[in-house]
Each structure stands twice: as C-alpha cells, then as structure tokens.
Amino acid sequence: MFNSLSDRLTATFKNLRGKGRLTEADVDATVREIRRALLDADVAVPVVREFTSRVRERALGAEVSGALNPSQQIVKIVNEELVEILGGETRRIRLAKNGPTIIMLAGLQGAGKTTLAGKLSKWLKSQGHSPLLVACDLQRPNAVTQLQVVGQRAKVPVFAPHPGATSSELEHPAGDPVQVARAGVEEARQKLHDVVIVDTAGRLGVDVDMMEQARQIRRAIVPNEVLFVIDSMIGQDAVNTALAFDEGVNFTGIVLSKLDGDARGGAALSVASVTGKPVMFASTGEGLDDFELFHPDRMASRILDMGDVLTLIEQAEKSWDKDEAARMAKKFADQEDFTLEDFLAQMQQIRNMGSMKKMLMMMPGAQNIRQQLEQFDEREIDRVEAIVRSMTPHERLAPKIINGSRRARIARGSGVHVSEVNGLLERFAQAQKMMKKMAQGGMPGMPGMPGLPGAGGSARKNAKNAPKKKAKSGNPAKAAQERKDAEARRANAAKALPTGAAFGQQSGDFDPTQLNLPKGFDKFLGK
C-alpha cells in the first residue's frame, strides 16, 4: 500500500547521509521532498501542511543541530511525527464490564464491512471471546446470506431473523434493522455471548436516510464501540466521508480495509489526524486471518522501510509449534545431523505463518529488494515440498545415497526436472554444513571462524596483508649472527618486563625449572 511513499521518503533521506551538519537549506529541501511525497500519496492537504511544519520546526531546533548524526535525527523526527498522525498509541477494544460488549460497524457500501465482521469475530474468538454476528444489513441484496457464509467460515454463530433484500435494492426489506439489532443483543445475553458485532447497511454516498437509520440503531443498542470501516484505496475523498460519518454516528475507532492494495494509501494517514479518532484495526488481505491490530509505531516503521519485526515475531509465536521447536533445539544442541525430514518440518512451520512475501516485506530494508519479492512465486515452496515428499524415508535421512536413477525417479514423482532436484540437494547440503558449524559454536559469515562460509575471504585477506616472516639465511655465518641477534632481543625484552607479576608474585621468586618444561623451552621465558 505505501510502496510509493516509502520509496520517495527513503530516497529523500539518502541525500542527507554523510553530512556532518545540516544547513537551513538542507532542511528546507528535505521538507519540500517530504511534502511532495505525501501529496503524491493522496494525503489530505491540511494534514501535509501540519506535518511538514512540525518536522521543519523540530529539524531546525537544538535536537538536530546538536546531534552526532543529523541525518538519522531527521529520520527519527519524521518517524515520531508519522506515529503521531497515525494515532499515537495502539488502541484496543473497550470491553463492557457488565453484559456483552456491543460493536457496531458503519461505512460506505463496498468498503468491506461484512467480510470484516467475519475477520473481527474470528480474531476475537482467538482472543478467548464468544462473539455473535447480527445481520442488520437488510438493504443490500444477499447481504444477510453473505454474512452467514462468512460466519460459517469463521465458525461464529449469526443472528439473522430476516433474509433482507434478495433481488434488488429497490425491494422493500422484510424486517426493521433497528428491531433486528435490539433482538440480536438480547439473543447474545440469553446465549451468554460476551461480544456482539452488528453489521449495518452501507451507503453509496452520504445518504441522509441511511445515516438516520444508522443513528437509530446506535441509539437502540448503545454500542461500546462504533467502528468506521474505510477503504484504504478511496483517496482524497476519505476525509469528507470520515467527517460525515463522525457527525452522523460519532464513531469511536477506524478500521482500514484493503490495506494490501496497490493504491497510494493517503487515506490511512489522513483520517486519524483529521477526525482525531484512532485507527484500531487493519485488513491486509482476502482471507479471514488477514486481519491485525493496528500499531501506529509499527506502521510508521514500515513506511520508512525500517521493517516490522515485532509483528513478525508475534505471527511466529502464534503459528509456531512449540513442541517441534523444542525438538529442533535439542537436536541442534546435541549436534545431530539436519535431515530432509527436519527441513520439511521447518517448511511446514513457515507456511503456517502465512505468505512469504508479506513476511519478507516486514524485514528492515525490504524495499530495496521489493522487485525481487514481487517476482517471487509462492508456489516454489509447494514444488520443494513435492520433491521432498517424493523421496523415501531412508533418502530423507541419508540424502547422500540419492544417485542419478533415484534423482530421475524423484523428479518424475514430483513433476519437476532433474535439475530442480539437483539444485535442491545442493542447497540442502550447504544448509546442512552451516547448521553443523553453528552447532559447534561458530557463526557463518563471521571472520576468524575457521572453515565457515564468508570467513575464508577475510582470513585470506588478513594473511595477505600481514607482514611476511623473514626466511632463514642459507649462509652458516649469517644464520649464526641472526640467532645471536634474536637472543639479544629476547634478553632485552626480558629486562624490560615489570618486576611485579599479575598475581602479586615477584619475578625473582619464579623458577622455570619447577614447571618441568621440555628441553629448550626455557628460551621463550627469557632464561
């Protein structure tokens, strides 16, 4: 969603690198580029004006002029101001102390309210709640049926006493949405549901009659939260729509839908700042699991290409099998061989976390490889899994036995070329070596670690630059003179040593003969 904005801001900050001091002209040029980037991203003009003025004021202040690295300080200021216009702190649902917590959804038609109702209910269920969906959208054709299908997929019950319109919006609905909402809350009390999610009718625009209907539903059920669902791809009109809904139903929080789209995403940066209401949730895909709590600080980090490692860790903790992780940790500690069975198990763990593209885009600096990530085929993981599953159990445990005929059989069984099987086995052999070295206490790619990938280059370079040891002369007289000179240097070095030892013993009290050293070893002690 924020790719264009992220690219522009990253390019702007690159121009500041290496400058020990920023002049007022540097700050003005940077703020001007930030203003252009925000306007190109469809951020509302009042928000851009306020944002850039605060950045400029702070950039010209003492916190930048006295900083050791002014360019990093500018990035820090922009990050903090982005967090501020996105809502400041993470806002969670306020749960009712007595009775069910009532959540009402409002927004334009097509914003994704019905689908989001299912996502929110599934998310709340994973948090230990017992939600109930209430179908109050009796205006849109088959809206009630859609909510029932979504509820079935989320395994959440749906209260729908009336089918609503089935053929046309001009068809008069069979029931009263206000009465359905009231009856749905009562149903939740009787069935002991602790959360009620009321899906209301959407509007093609700011419709006065439909807004009045939403206002009546709000008065009838007195919700704890009124969530305004807005399409992140709506553009500049997001501000006017948000202000109209705020005046009509006085919503308490914002939900951004379709955040995985390729639009410029200015709505997300505008609505929270203009209305003063926090963004609470974000819908990031079409699946029911593509839904997350909105963290302003993490979203600002994504925009500035700093990554979102915390969300990545949370997803891993949620989907990672702890028993499998403990088994792999023990195997790693015992320095056992990493097999293709382990490789297959780890791949399945990664697949449980979701899309590889989304996970990699959460890593810091991911914008630099975005083009490669966009070209990455998620089905490549399926092909690798098919290759491994086409092997016998013995082949997975001992891949060295896989000869030419076995590779041909595996290729036929998995529907790939033999070259792909060869490539997988080569990559696995490298990974196996790396795992073995890490288990022995070394880290791959670190200089000074013997026998590891990446270490050889640095070691060879250091050896090349090191002063060469002078070879012994072939002349007997000259060689004898060199030995005398070396003994003289050792004697002088011994005299220059301090008289006190590290452990408080005086050097005169030390007798090397007491150590039973090999013959000739005493010369290294200056004796």
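When a residue number appears, it is its place in the shown sequence, counting from 1.
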Derivation of the salt bridge (Lys or Arg N to Asp or Glu O under 4.0 Å) call for Lys258 and Glu286: CA-CA 8 Å; Lys258 306 177 186 177; Glu286 296 180 359; over 6 Å; no

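- For Leu288 against Ala154, the heavy-atom pair with the smallest separation is CD1-N, 3.7 Å.
- Contact of the Met391 side chain with the Glu341 side chain is not registered, since no non-hydrogen atoms from C-beta on lie closer than 4.5 Å.
- Between the Glu81 side chain and the Val78 main chain, no donor and acceptor come within less than 3.5 Å of each other.
- Residues satisfying the ring pair (Phe, Tyr, Trp, His ring centres under 6.0 Å) criterion with Phe159, sequence neighbours excluded, are absent altogether.
- For Asp231 and Ser257, the side-chain atoms include no donor-acceptor pair closer than 3.5 Å.
- Counting only heavy atoms from C-beta outward, the side chains of Asp342 and Thr339 approach each other to under 4.5 Å.
- Here the closest non-hydrogen pair linking Ala117 and Ile197 is O-CD1, 4.1 Å.
- How far CG of Asp290 is from OG1 of Thr284: 4.5 Å, rounded to the nearest 0.5 Å.
- A donor-acceptor pair under 3.5 Å is absent between the side-chain atoms of Arg94 and the main chain of Glu225, judged by distance alone.
- Gly118 and Val150 make their closest contact through CA-CG1, 3.2 Å (heavy atoms, listed as atom of the first residue, atom of the second, distance).
- With Arg91 contributing its side chain and Phe281 its backbone, the two residues share no donor-acceptor pair below 3.5 Å.
- In this structure the side chain of Ile401 reaches within 4.5 angstrom of the side chain of Arg406, judged on heavy atoms.
- Contact annotation: the side chain of Val195 never approaches that of Lys125 to less than 4.5 Å [non-hydrogen atoms, C-beta and beyond].
- Shown are Thr101, Leu120, Val156, Ile103; of these, the side-chain contact (heavy atoms from CB on, under 4.5 Å) with Pro131 is made only by Val156.
- Ile93 places a side-chain heavy atom less than 4.5 Å from the side chain of Met280.
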Only distances under 3.5 Å count here; give the side-chain donor-acceptor pairs of residues 413-429 to other protein atoms, sequence neighbours excluded, each with its distance to 0.1 Å.
residue	atom	partner	partner atom	Å
Ser414	OG	Ile410	O	2.8
Asn422	OD1	Arg407	NH1	2.8
Asn422	ND2	Val418	O	3.4

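- Once rounded to the nearest 0.5 Å, the distance linking OG1 of Thr30 with CD1 of Ile77 reads 11.0 Å.
- Between Trp123 and Phe291, the ring planes are perpendicular. Angles over 60° get that label, and only those under 30° would be called parallel.
- You'll find the side chain of Lys119 stays beyond 4.5 Å of the side chain of Glu292, heavy atoms only.
- Nearest heavy atoms, Thr90 versus Phe294: CG2-O, 3.5 Å.
- With rounding to the nearest 0.5 Å, the separation of CG in Leu108 from CZ in Phe228 is 6.0 Å.
- The two residues Pro100 and Val196 make their nearest non-hydrogen contact at CB-CG2, 3.9 Å.
- Between the side chain of Thr200 and the main chain of Cys136, no donor-acceptor pair closer than 3.5 Å is present.
- Looking at heavy atoms from C-beta onward, Ser130 lies in side-chain contact with His193 at the 4.5 angstrom threshold.
- Residues His394 and Ile402 are not in side-chain contact: their nearest non-hydrogen atoms beyond the backbone lie 4.5 Å or more apart.
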Does Lys122 form a side chain to side chain contact (heavy atoms under 4.5 Å, CB included) with Lys155? I'd like the steps, not just the answer. CA-CA 8 Å; Lys122 187 174 183 180; Lys155 298 181 180 179; over 6 Å; no

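- Residues satisfying the side chain to side chain contact (heavy atoms under 4.5 Å, CB included) criterion with Ala160, sequence neighbours excluded, are Ala135, Val144, Gln148, Val158.
- To the nearest 0.5 Å, the span separating CD on Gln109 from OG1 on Thr114 amounts to 9.0 Å.
- Smallest separation of non-hydrogen atoms from Gln139 and Ala201: CB-CB, 4.2 Å.
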